[in-house]
Amino acid sequence: MAGCCSWLRGFLFEYDTPRIVLIRSRKVGLMNRAVQLFILAYVIGCYCAYFAEVEMEGPSLWVLVWEKGYQEVDSVVSSVTAKAKGVTVTNSSQLGFRIWDVADYVIPAQGENSIFIMTNIIVTMNQTQGFCPELPGRTSVCKSDSDCPAGTTDTHSSGVATGRCVPYNRTLKTCEVAAWCPVEDDSLVPSPAFLKAAENFTLLVKNNIWYPKFNFTKRNILPNITTTYLKSCIYDAATDPFCPIFRLGRLVEYAGHSFQDMAVEGGIMGIQIRWDCNLDRAASFCLPRYSFRRLDTRDKNHNVSPGYNFRFAKYYTDLTGTEHRTQIKAYGIRFDIIVFGKAGKFDIIPTMISIGSGLALFGVATVLCDIIVLYCMKKRYYFREKKYKYVEDYEQGIHNEMDQ
Amino acid sequence: MAGCCSWLRGFLFEYDTPRIVLIRSRKVGLMNRAVQLFILAYVIGCYCAYFAEVEMEGPSLWVLVWEKGYQEVDSVVSSVTAKAKGVTVTNSSQLGFRIWDVADYVIPAQGENSIFIMTNIIVTMNQTQGFCPELPGRTSVCKSDSDCPAGTTDTHSSGVATGRCVPYNRTLKTCEVAAWCPVEDDSLVPSPAFLKAAENFTLLVKNNIWYPKFNFTKRNILPNITTTYLKSCIYDAATDPFCPIFRLGRLVEYAGHSFQDMAVEGGIMGIQIRWDCNLDRAASFCLPRYSFRRLDTRDKNHNVSPGYNFRFAKYYTDLTGTEHRTQIKAYGIRFDIIVFGKAGKFDIIPTMISIGSGLALFGVATVLCDIIVLYCMKKRYYFREKKYKYVEDYEQGIHNEMDQ
Amino acid sequence: MAGCCSWLRGFLFEYDTPRIVLIRSRKVGLMNRAVQLFILAYVIGCYCAYFAEVEMEGPSLWVLVWEKGYQEVDSVVSSVTAKAKGVTVTNSSQLGFRIWDVADYVIPAQGENSIFIMTNIIVTMNQTQGFCPELPGRTSVCKSDSDCPAGTTDTHSSGVATGRCVPYNRTLKTCEVAAWCPVEDDSLVPSPAFLKAAENFTLLVKNNIWYPKFNFTKRNILPNITTTYLKSCIYDAATDPFCPIFRLGRLVEYAGHSFQDMAVEGGIMGIQIRWDCNLDRAASFCLPRYSFRRLDTRDKNHNVSPGYNFRFAKYYTDLTGTEHRTQIKAYGIRFDIIVFGKAGKFDIIPTMISIGSGLALFGVATVLCDIIVLYCMKKRYYFREKKYKYVEDYEQGIHNEMDQ
């Protein structure tokens, strides 16, 4: 009890601070400061290089250091809707004069984070279940029935072989298949694209974001945007960077591609919305930044199913109850709306960790200078004598005179 | 070799510890402890403030500190399915007496993380490709053919202008368009909503989550839930917080909105499932927390395409082979199932970083007290003399008597 | 001004380093090194345990330490397309001989991160709006009209009760409902699965990833893959780990399930693509790793809507304008392509924090040894005397002789 009391008195009423050797030496003093300066410059230099490279636009150095070391971050949670507008006419020998509106060219009618706009089409009308010659290909051209093993099918066949070899046209015979007949001939993709006017269609993207950790929500339709503006605006990186309505042609251009080119075989466009928010500042500084990128790299070496397309069918029954279908191979552009970003807000934990680590780092300067002073300098023995007090465990008292 | 040996002996058999001045002073001692206490209190105080603000429910302070500083975290990877149930009848002059079941009102039939329930509808039956007067609007009302430039189309038109001005009704003339005729008239949205009974439909949400870093998986149908319970339960925040079956009406209510109101023009509801798991505790504590939020803010100022709707069509051919379609403008509620969360598990690296930084921080107390003791106190020269030993590089030995 | 100058001279030309007691004691010296070794071993040991447990394959210890402490990380942003290929025939009494191709069994025709392959089917043909007996069930079997309250409907009914009790078959009477008639009878799921040949269908998955922070993009079709290889390869964990074409049957096998079993009631398969990239190394080391997991756990206790299925309908009109539909309950496998991963790149900030904290940690060794030396050892008073210099604030000078 008494020991405890005396310990407590010691704990409360005593202050211990290290004893210091203060070496009055220009050389060593300047060296110490130089090393400290070097550490500081290195850290700031790296920041600056990073800063110059990655973020050309906005934040000052201080903000950057702040954001990295003193903020807690959260990833964005997002919900997206997209709606296309536009109508066009086509005139072809197969389909005649025809109007295309939203219900025709958006497939499926609604998606989650993406919307598909059909730009090109191969229609195979009035297919029925039956038997017909396969398209000519590496495995399907035949001379006699023996070339067509019944029941076989491979990855690229339209149906299941019946085992017969039948004339495909006047000069060519191919294996007969059980399939939806006639089989689709997709060897010739219409070019220019059938719905080339899709270039002028518009896309309204609505995006609602949420940072759960900070319970912060915002929409990409900013509070200062008026209804009148929304009714007429078109996104433009320079003049209308916050208008959420995009003209398809321009959007593809921003990504460095040609819409007409892309429309023929289809493709995938990423509409990237970046929400990087510093929630220590006002909410009005938290703004969406749009960027555009083509996601299906058109690479001559990898042209297995290039572009983007898929097949679907509309089913009909006739009077006799037989099922018909119109099969459509739809080429088009899928617009993927990709929302990402991080929000940061001051938080004591990462701040403490940063400050603590920073303090410890400056200790490195002392360690380095000590090494130089005690091992490399001419007067090293003199300095060692001043810094160290040698205590022998075994023969106590002998070496004490070495110490001041 | 001999030098190396002696260095090794020194390295292994010597112990160096800083020499300390122990100042027996109530003032300084108490001040030191006060500063240390302040640092401690500040850290804990911030935690507490944070704790009080953000997390009203569960974790003790210790857990919070633990989770932040000593755990490695991973973000959730999730897979969702949703299935609606319910059937209703409607009776209207246009469609007659009609039953609506799942295959009718869920469009598309399956999605990934969302499900759309149709609640209101504008049907335009028996459209064919043709020519008909445009809906009256700002640009479409005309007096003569000269008001209708042929071939033009704008964002809001139903088709492409033919250049003729034709009677829309007895009193009004509008430009004729090539379009799916008759054109849809969506100026009057049915109110109350056509499928207002959707309020009583139910939604079963199945969610499977995975934390790849910890290889931890769990489902939102918890192990202790029985089949009998699942067959009859309805989610209720108070009584059944883990039942994954939601009644649509109640779900909208939880988000603070009225289902009947929302059903008219549609909207988007977020079903948020939060999986915040501390994997240092038993897996049974890792539970889904449901919350509900309306994602399409209904804002009077931004009513460009308010609510949520899209158009699709059912295509038919008649005996003569002419294509008809029934166009449907479907208003409804899209339920986005948003899964998020983080799992934490003890990991040595962040722990070491936290402890290391914490230790360094307490060094601040010494630095502060030293400044006060050596620069501000009356006896500062006396203390400095005790703490420092001055060593001149140039004239060695002169100042040594200053030192004890 | 003069004071400032002298302060600056002091700041630049003086170097302060702590005075050290160097105790020449085998016991204490060895103990100190042992404690330091223990700290080091603990850290490295934990790494090793972690390493052995989680990552059986690749990275050396150094890489792991490096990645955790010295890199900035970013999460993957991804875009996915999937395309199925394959065709099969079925022969059933209800549907006759029938070919199934992509347009028939992929529903909807395109998705974002998932693709559904129909494997089993319950078709209810020629449904019309009308009145018919409900399926026999717990609430629908009746003896007289009084058992069937008009207008009621529950979660499992096919329609709305009319209030009449009508014969279902020779022996059974059930309540009549207004519904799409005849109502679907899904009590008997075809087994083996109707489209059991789906086992041999193939799936081409294209994945484009992006790390926004580092502006790094890559595709899962690697640059060294040739078109010829892509045309013929099938993914195999051992021989073709980078081929993005999967045979469905084998894919389910990899997840440890049987395709034929899964095909009957459907299910959800996760195709997980992990992109863990160390961007300090060459881009060619950043590779996709595929793994497969069944996401709908088949649990005997939770068989509420087991597997995966949904209903959709194809609508027809006949000559009289009456609407018919063919309702399809589609069972099948939904393949969810789940892309995740983190990229790391050297960054100065986390490095500084790690080094700083590491330095601070070694201070723990000194603290521990000091406690032992000054409180536990026999010669503790002697060591204390050497380490401490006592300074009294009140009666200065009295205790000075205690100090050397």
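Each chain gets a letter, A, B and so on, in the order its sequence line appears, and its residues count up from 1.
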From CA spacing to verdict: side-chain contact (heavy atoms from CB on, under 4.5 Å), A:T326, B:E323
CA-CA 11 Å; A:T326 297; B:E323 198 175 19; over 6 Å; no
Starting from the C-alpha separation in whole Å, work towards a yes-or-no answer on side-chain contact (heavy atoms from CB on, under 4.5 Å) for B:I268 and A:K206.
CA-CA 11 Å; B:I268 300 175; A:K206 293 204 235 172; over 6 Å; no
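Taking B:N113, B:V160, B:D336 one by one and counting their heavy-atom pairs under 4.5 Å with chain A, the maximum is reached by B:N113. Note: B:R325 leads B:Q327, B:R325, B:E112 in heavy-atom pairs under 4.5 Å with chain A. Annotation: maximal heavy-atom pairing with chain A below 4.5 Å, among B:R293, B:M31, B:R311, occurs at B:R293.
Neither the backbone nor the side chain of A:N200 comes within contact range of chain B; no heavy atom of the residue lies under 4.5 Å from a heavy atom of that chain. The part of B:S158 that comes within reach of chain A is its backbone (N, CA, C, O), which places non-hydrogen atoms under 4.5 angstrom from that chain. Of the atoms belonging to B:I338, it is side-chain heavy atoms, and not backbone ones, that fall under 4.5 Å from chain A. A:T217 touches chain B through its side chain: at least one heavy atom from C-beta onward sits under 4.5 Å away, while N, CA, C and O do not.
Of the possible polar contacts, none joining the A:R219 side chain to the B:D296 backbone as a donor-acceptor pair under 3.5 Å is found.
Other residues, nucleotides and ligands contribute at most 12 non-hydrogen atoms within 6.0 Å of the CE atom of A:M125.
A:R98 has its side chain within reach of B:W180: a pair of non-hydrogen atoms, C-beta onward, lies under 4.5 Å apart. When side chains are defined from C-beta on, B:T153 does not count as touching A:T88, because their heavy atoms never get closer than 4.5 Å. Looking at A:D104 and B:Y315, their side chains come closer than 4.5 Å, going by heavy atoms from C-beta outward. In this structure, B:Q272 and A:V77 have side chains that are not in contact, with every pair of non-hydrogen atoms separated by 4.5 Å or more.
Closest non-hydrogen pair, A:P212 versus B:F340, comes out as CB-CE1, 3.4 Å. In terms of heavy-atom proximity, A:Q110 sits nearest to B:F310 at CG-CE2, 3.4 Å.
Rounded to the nearest 0.5 angstrom, B:M269 CE and A:S79 OG are separated by 11.0 Å. One finds the OG1 atom of B:T128 at 12.0 Å from the CD1 atom of A:I99 (value rounded to the nearest 0.5 Å).
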